[in-house]
Amino acid sequence: MRRTMYCGSVREEHIEQKVVLEGWVNRRRDLGGLIFLDLRDREGIVQVVVDPGSPCYRQADRLRSEWVIRVEGLVRARPLEQVNPKIATGQVEVEAQQLEVLSEAKTLPFQIDAGWRGEEDPKVAEEVRLRHRVVDLRRKRLHENLRLRHKLITAIYRFLDGEGFVSVETPFLTRSTPEGARDFLVPSRLEPGSFYALPQSPQLFKQMLMVAGYDRYFQIARCFRDEDLRADRQPDFTQLDLEMSFVTQEDVLALNERLAAYVMKETLGVDVPLPFPRLTYAEAMNRYGSDKPELRFDLELVDVTEAFRGGEFRAFAEVETVKALVVPASLSRKEIEGLEALAKSKGAAGLAWAKREHGAWSGGIARFIPESLGQRLEVGEGETVLFVAGVWRPSVEGLGAVRLELGRRLGLIGPGYAFAWVVDFPLLEWDQENARWTYMHHPFTSPNLDDLEHLETDPARVRALAYDLVFNGSEAGGGSIRIHRRDLQERMFALLGISAEEAQEKFGFLLEALSYGAPPHGGIAWGLDRWVANMTEEDSIREVIAFPKNKEGKETLTGAPSPVDPAQLAVLGLALKE
RNA sequence: GCUCCGGUGGUGUAGUUGGUUAACAUACCCGCCUGUCACGUGGGAGAUCGCGGGUUCAAGUCCCGUCCGGAGCGCCA
């Protein structure tokens, strides 16, 4: 007989029953005669008791942490005063009758037992954890994270299936397209000198599916971008990718809100109010200094450009934008210096400050501040006001970064989950480096048709039918209504400086598809890793990916990337440069 | 490519203005212990302080270089 149930599933209802359990020794307590074992599997731990008179006593005496064993025994109630309320199986214990060692184990490089009895696991350097990922993955926290991830994905399938979406797989080995992120390339053996690229997203394939009439598509899609890593970025990551035909932006937002509310309820039991707040890009930037504002605290930026316009303070008098942030705390010089460095890292010119003390401005730029500003900003006694001035975007982004840091530092960020849509992104932005217009989202995003007349004459003014889903201050998704007319797509390519020949060469298949009768369509992609990280309140997506890459893009378990045998290169027609 | 932070027994930390035997917790090994649940208790082993060089009578500590890791900037349609 193999096991009869999970260790973590034994309950009072099983008392008097004979059970067979298999699992890992989470911990062994040897009282010198009486031995207790906490036996663990993915569902939890249960206490096994081995009496000195038991035939398996000698075996139990040998056992060590993390050995894998099989126990046959009788479930019995614990004496009332010995119930352990900290574990789900705490009402009962298993009296061992037979015990078999299935596998011995070396001493673990770090301890993982605490989490399973409801405590915090001791902190271990991430480097060590990743090097021993198999051990790390045994921790309760990672079990919970990965199982939540699974619940999220199954909820997504249930919901979208119910809404008539069809799951379709798209190729991993595809064609390199220009622009966007750097591609991962895969050399072709059958056609030496040519390369596949791994998809940065299934974008064009899903548009093809719309043209082909599938109407509603989704995919839990692996995507690949060869860029540097961050806490929320991996070179291979997972998107929920979806696309819908015959829809407006409104339809896409409404469906995705319902999907988000559904998965939050199904996975965390959390009720998310609908509809989500909506901010235009301009509003988000002006009020929060970010296009992915953290909305779990206020502390909004205030525009004070006009208060300084033409005044005696030269640095503020003639700039595009002056923004203020009223900080409900008295910041030290040193703190302000640190925040200034942060603002500058986002391109702000600097960070000016003043304090309100004894009903008057003091310190920093106090003497340049119009008295009336104090009232308008509603500055309290002892509070600090921070200012940025200069070009609009770097200024608001600089102060936005300061806002977020202060939110963290002052403990302003509330618990819970805050969703929002950011809409009305600019279609294009000026690329300083290459002196040309470039797309903000991607080149297949539809302009807002109300702004179409300005497309060539005043590109900066054209809004896109693009939207981002913001979840606790992270960009959890982004999408757009796509261009579905060939002529408009060609106009767009031209505007981006892509010649007709190049457009034909690189995107001919798209243009071709659009000319066979394409429905209006649009969709979105969710960054699934970030979603799970937000839901589990992890700071890094590496905590919700079973086998993540480290900061250098290495997969430390297998040691990828690794050199390959020269013969493998030869088959591909490749040679390494010295 | 750049900036910042870190690297001390297996793990996590301490280590003062440079000073003699590198401390603590936990894990590990052995003994004792029949109701523990982070069992208790007694003992033991375990670190050339990431690596290389320099300053100094003396370097875990200061300086330079380098490697490794993390956060960020650039980059990420």
Practice prompt. For Val49(A) and for Glu127(A), find the nucleotide of RNA chain B with the closest heavy atom, then tell me which residue's nucleotide is more 5'.
Written response: Val49(A)
Discussion item. Need to verify one output field. Residue with the more 5' nearest nucleotide on RNA chain B, Asn550(A) or Ser345(A)?
Written reply: Asn550(A)
Could you check how far [atom1] of [X] sits from [atom2] of [N], rounded to whole Å?
| X | N | atom1 | atom2 | answer |
| --- | --- | --- | --- | --- |
| Asn26(A) | U36(B) | CG | P | 19 Å |
| Ile35(A) | G40(B) | CD1 | P | 16 Å |
| Asp183(A) | C76(B) | CG | P | 12 Å |
| Asp61(A) | C33(B) | CG | P | 12 Å |
| Arg27(A) | A38(B) | CZ | C1' | 5 Å |
| Glu552(A) | C75(B) | CD | P | 20 Å |
| Glu66(A) | A27(B) | CD | P | 13 Å |
| Asp30(A) | C28(B) | CG | P | 12 Å |

Given [N], is OP1 or OP2 found less than 4.0 Å from the side-chain N or O atoms of [X]?
| X | N | result |
| --- | --- | --- |
| Thr556(A) | C68(B) | no |
| Arg29(A) | U36(B) | no |
| Lys551(A) | C68(B) | no |
| Lys554(A) | G69(B) | yes |
| Arg230(A) | C73(B) | yes |
| Arg542(A) | A71(B) | yes |
| Lys346(A) | C73(B) | yes |

Practice prompt. Examine the base of G69(B) for any acceptor or donor lying under 3.5 Å from a partner atom in the side chain of Glu126(A), and report the outcome as yes or no.
Written response: no
Discussion item. Check this for me: does the side-chain of Arg117(A) come within 3.5 Å of the base of C37(B) through a donor and an acceptor?
Written reply: no
Closest to the [X] side chain, choosing from [options]:
| X | options | value |
| --- | --- | --- |
| Asn84(A) | A71(B), C37(B), G12(B) | C37(B) |
| Glu119(A) | U36(B), G12(B), A38(B) | A38(B) |
| Leu31(A) | U36(B), C76(B), A27(B) | U36(B) |
| Arg182(A) | U36(B), C28(B), C75(B) | C75(B) |

Worksheet item: Any stacking of Phe36(A) on U36(B), going by centres under 5.5 angstrom and planes within less than 30 degrees?
Response: yes
Item to complete: State plainly whether the residues Arg58(A) and Asp61(A) are in salt-bridge range, i.e. N to O under 4.0 Å.
Response: no
Worksheet item: Quick one: do Lys292(A) and Asp468(A) make a salt bridge, cutoff under 4.0 Å?
Response: no
Does the structure show a Watson-Crick or G-U wobble partner for [N], both distances under 3.5 Å? Name it, or say none.
| N | answer |
| --- | --- |
| C76(B) | none |
| C57(B) | G19(B) |
| C4(B) | G70(B) |
| U36(B) | none |

Worksheet item: Taking the same atom, C1', in A59(B) and in U20(B), what whole-Å distance lies between them?
Response: 13 Å
Worksheet item: Is a side-chain donor-acceptor pair under 3.5 Å present for Glu335(A) with Ser332(A)?
Response: yes
Discussion item. Regarding Gln489(A) and Arg486(A), do their side chains bring together a donor and an acceptor under 3.5 Å, going by distance alone?
Written reply: no
Base, sugar-phosphate, or nothing: which does [X] touch, judged by heavy atoms less than 4.0 Å apart?
| X | answer |
| --- | --- |
| Arg62(A) | nothing |
| Gln82(A) | base |
| Arg64(A) | sugar-phosphate |

Discussion item. Using 30° and 60° as the class boundaries, would you call the ring planes of Tyr281(A) and Phe425(A) parallel, tilted or perpendicular?
Written reply: tilted
Discussion item. Name the residue from Asp183(A), Val186(A), Leu198(A) that meets the side chain to side chain contact (heavy atoms under 4.5 Å, CB included) definition with Phe224(A).
Written reply: Leu198(A)
Worksheet item: Does the gap between the ring centers of Trp430(A) and Trp437(A) come in under 6.0 Å?
Response: yes
